[in-house]
Protein chains: 2
Amino acid sequence: MSSEQPAKKRISESTIHRLSMYYRTLSLLQKEGYETVSSKELANREKLTPAQVRKDLSFFGSFGTRGLGYDVNELKAKIGEILGIDRQWKLAIIGIGNIGSALVNYKEFSRQGFSIVKLFDNDQRKIGSNHKGIIVSDIKNLDKEIAEDGIEMVIITVPATVAQYMVDDVVRAGVKAILNFAPINLKVPPNVYLRNENMSMELEYLSFAIVNNHTPKNSK
Amino acid sequence: MSSEQPAKKRISESTIHRLSMYYRTLSLLQKEGYETVSSKELANREKLTPAQVRKDLSFFGSFGTRGLGYDVNELKAKIGEILGIDRQWKLAIIGIGNIGSALVNYKEFSRQGFSIVKLFDNDQRKIGSNHKGIIVSDIKNLDKEIAEDGIEMVIITVPATVAQYMVDDVVRAGVKAILNFAPINLKVPPNVYLRNENMSMELEYLSFAIVNNHTPKNSK
DNA sequence: ATTTTCATGTGAAATGGTTCACAAGAAATT
DNA sequence: AATTTCTTGTGAACCATTTCACATGAAAAT
Ligand SMILES: NC(=O)c1ccc[n+]([C@@H]2O[C@H](COP(=O)([O-])OP(=O)(O)OC[C@H]3O[C@@H](n4cnc5c(N)ncnc54)[C@H](O)[C@@H]3O)[C@@H](O)[C@H]2O)c1
Ligand SMILES: NC(=O)c1ccc[n+]([C@@H]2O[C@H](COP(=O)([O-])OP(=O)(O)OC[C@H]3O[C@@H](n4cnc5c(N)ncnc54)[C@H](O)[C@@H]3O)[C@@H](O)[C@H]2O)c1
């Protein structure tokens, strides 16, 4: 075993997002009783082109049958594998305020491969309280509890002023991926993945669109 | 007055998102006491290239001084204008559940030009209740109250199963832009702007990144 | 005043992403 | 068995976005 990086083609962020979309649509098609689906049908449901669908999939292999299309169950399983959601990820939420507690209450996450198993806060009034069967832990025990449970992802929902400290802490504790809601540019080492969820930016986009009569090619 | 569309260059979604980022950074620079800032400094704070910053701005005019950089206050005002946040937008939230109530409690929105002025739900136990001084209205009065208040944007935080109905209703009521949290592909007429906030997709992206050792060029 | 320094603004080049167009291959039909 | 129909998978063409590189111009220094 000599090479660390599997010299694979670099996949664009948009392709990955579309895989998520295909996955969701395939779940619906399953429920609707479809056995197979063409790139055309899949594209229609997402307002994309069939070529886009086929190209996206082609980066990872060839999963269809010419003249017939894709087997719905099979393609869904395959995309699930590609996305890494053919398993349960364990997550913790840091900061059990407005957003943090809304997220704990969301049952869909665990059905989609993301189990929230730990909650952390530094407010004595919150520590020990129960959210959907999970007791809020003291942030002081972060290191120990993250390691104990083998948590690999966290959601950051603390005030922006302390978000970087929390990130440094969870990185030190061995977390590999972070979904951040604080409106601030966080620094993470290169081996840790970070995504930002910024609602104000989305509202600003809408504001711009109204004011400028904006018609982009492919909007979210 | 003959032409409807001001035949302007089409701006990319990424440029608009970066304008939001510049805006936020300029606010910080203001607080830190900076009077001017170079494209280099601005780029550093966002992990972008100086050329990117200059190119983005160049679509809208030329706001800097050669040899010196940009005036912080001036550039912030200018970007605020471009984004259309040099005014207060009035918003309503449809569905006052977990996410909906988290959003009402977020004071920052109104400071950023987005005032939440109405809340709607169809649950009798919620209608009439008070959130940060706003009384939850019956969804039945949507049309009337949206018109009365001149609401142009709404946030949709109802279950996915009813989201399309709510969208149809708010569109009929004259709303121009929608921020949607329900994990479903909504249809809107071409003169209405829609953005989707999909947290599962972000988690799936992180999952993909861990599993595939992903290093994209420009990630969120 | 002249020179030096610095950083903008912008065409042109390079890179990246999407769409086209068609050969290939599987199933259905004759 | 041969033909027709259908839809995939993929290079090549196209289009969009980012980066380069430098002329331009403002301010500071000499
Ligand atoms: N609420 C929203 O709608 C909304 C919208 C957009 C962005 N955000 C961002 O999300 C973040 C959370 O927002 P919120 O409204 O839930 O805030 P909140 O104040 O309700 O919750 C923050 C929580 O973090 C906890 N906390 C603070 N410092 C901590 C620390 N050092 N360690 C552990 N826990 C700590 C607090 O006790 C609190 O429970 C903020 O950064 C905010 O800017 C929120
Ligand atoms: N909670 C989360 O963390 C989370 C995360 C991602 C996505 N989402 C999505 O956001 C949406 C809201 O999630 P939530 O957890 O807040 O759900 P929720 O059930 O807590 O809230 C939904 C609210 O909508 C109201 N509602 C239902 N039908 C309505 C109608 N016809 N008119 C008006 N109001 C109506 C309900 O009374 C309820 O108050 C869902 O689509 C969900 O999938 C939620």
Side-chain angles (χ1 to χ4, degrees), chain A residues 8-22 26 29 34-72 74-76 78-79 82 205 214-220, chain B residues 8-22 26 29 34-72 74-76 78-79 82 205 214-220:
Chain A
K8 60 183 64 156
K9 197 178 182 331
R10 212 157 65 179
I11 305 298
S12 78
E13 184 173 329
S14 344
T15 291
I16 303 167
H17 272 133
R18 284 191 299 266
L19 289 182
S20 285
M21 293 164 59
Y22 305 150
L26 287 163
L29 289 167
Y34 285 78
E35 304 228 313
T36 60
V37 66
S38 65
S39 60
K40 191 168 161 214
E41 170 68 9
L42 212 39
N44 281 154
R45 301 220 175 194
E46 320 283 357
K47 295 220 210 77
L48 299 170
T49 65
Q52 180 76 83
V53 172
R54 296 201 299 276
K55 181 63 91 180
D56 283 338
L57 296 175
S58 80
F59 295 131
F60 302 97
S62 54
F63 311 120
T65 308
R66 285 164 196 231
L68 194 68
Y70 302 90
D71 181 283
V72 171
E74 201 180 301
L75 185 59
K76 189 186 163 199
K78 201 70 205 172
I79 294 178
I82 294 165
Y205 187 99
H214 192 241
T215 41
K217 235 172 77 80
N218 285 311
S219 188
K220 264 216 314 190
Chain B
K8 61 182 64 152
K9 199 178 180 331
R10 211 157 65 180
I11 304 298
S12 78
E13 184 173 327
S14 343
T15 291
I16 303 165
H17 271 134
R18 284 190 300 264
L19 290 182
S20 285
M21 293 164 58
Y22 304 151
L26 288 163
L29 289 167
Y34 284 80
E35 305 229 312
T36 61
V37 65
S38 65
S39 60
K40 192 169 161 211
E41 170 68 7
L42 211 39
N44 281 154
R45 301 219 176 195
E46 319 284 356
K47 295 221 209 80
L48 299 171
T49 64
Q52 179 76 82
V53 172
R54 295 201 301 275
K55 182 62 92 179
D56 283 337
L57 296 175
S58 80
F59 295 131
F60 302 96
S62 55
F63 311 119
T65 309
R66 288 166 195 228
L68 195 68
Y70 303 90
D71 180 282
V72 171
E74 201 179 302
L75 184 59
K76 188 188 164 198
K78 201 70 204 169
I79 294 179
I82 294 165
Y205 188 99
H214 191 241
T215 41
K217 233 172 79 77
N218 285 313
S219 189
K220 265 217 310 190

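Each chain gets a letter, A, B and so on, in the order its sequence line appears, and its residues count up from 1.
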### Message
Taking side-chain contact (heavy atoms from CB on, under 4.5 Å) as the definition, give me every residue that meets it alongside B:K76, ordered by chain and number, with sequence neighbours left out.
### Response
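Scan of B:K76 (side-chain contact (heavy atoms from CB on, under 4.5 Å), adjacent residues dropped) gives B:Y23, B:L26, B:S27, B:Q30.
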### Message
Starting the side chain at C-beta, find the nucleotide from C:dG9, D:dT18, C:dT19 nearest to B:S62.
### Response
C:dG9
Within less than 4.0 Å of OP1 or OP2 of [N], is there a side-chain N or O belonging to [X]?
| X | N | value |
| --- | --- | --- |
| B:T49 | D:dT19 | yes |
| A:R54 | D:dT8 | yes |
| B:Y70 | C:dC6 | no |
| A:R10 | C:dG16 | yes |

### Summary
The answer to which of A:S58 and A:G67 contacts DNA chain D further toward the 5' end, by nearest nucleotide, is A:G67
To the nearest Å, give me how far apart [atom1] ([X]) and [atom2] ([N]) are.
| X | N | atom1 | atom2 | value |
| --- | --- | --- | --- | --- |
| A:E13 | D:dT17 | CD | C1' | 14 Å |
| B:Q52 | C:dT10 | CD | C1' | 14 Å |
| B:I11 | D:dT17 | CD1 | P | 9 Å |
| A:K55 | C:dC22 | NZ | P | 16 Å |
| A:D56 | C:dT19 | CG | P | 10 Å |
| A:L68 | D:dT5 | CG | C1' | 12 Å |
| B:D71 | C:dA7 | CG | C1' | 15 Å |
| A:L48 | C:dT19 | CG | C1' | 12 Å |

#### Entry: Test log, rule side chain to side chain contact (heavy atoms under 4.5 Å, CB included), inputs A:L57 and A:L75
CA-CA 10 Å; A:L57 296 175; A:L75 185 59; 4.1 Å; yes
### Message
Once rounded to the nearest 0.5 Å, what's the spacing between atom OH of B:Y22 and atom CG of B:L48?
### Response
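CG of B:L48 is found 5.0 Å from OH of B:Y22.
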### Euclidean distance, B:E35 CD relative to B:L68 CG, rounded to 0.5 Å
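The CG atom of B:L68 sits 10.5 Å away from the CD atom of B:E35.
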### Message
Between the base of D:dT7 and the side chain of A:R66, is one N or O donor paired with an acceptor at under 3.5 angstrom?
### Response
no
### Query
Looking at B:F59, is B:R18 sitting on its ring face, NZ or CZ under 6.0 Å from the six-membered ring centre and within 45 degrees of the normal?
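No, cation not above the ring by the 6.0 Å, 45° rule.
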### Task
Please work out which residues in residues 37-46 of chain A have a non-hydrogen atom less than 4.0 Å from an atom of DNA chain D and list them by number.
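Heavy-atom cutoff 4.0 Å gives A:S38, A:S39.
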### Query
Should the pair A:E41-A:R45 be classified as a salt bridge under the 4.0 Å nitrogen-to-oxygen rule?
yes
### Geometric class of the B:H214/B:Y205 ring pair [parallel <30°, tilted 30-60°, perpendicular >60°]
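Because their plane-to-plane angle is over 60°, the rings of B:Y205 and B:H214 count as perpendicular.
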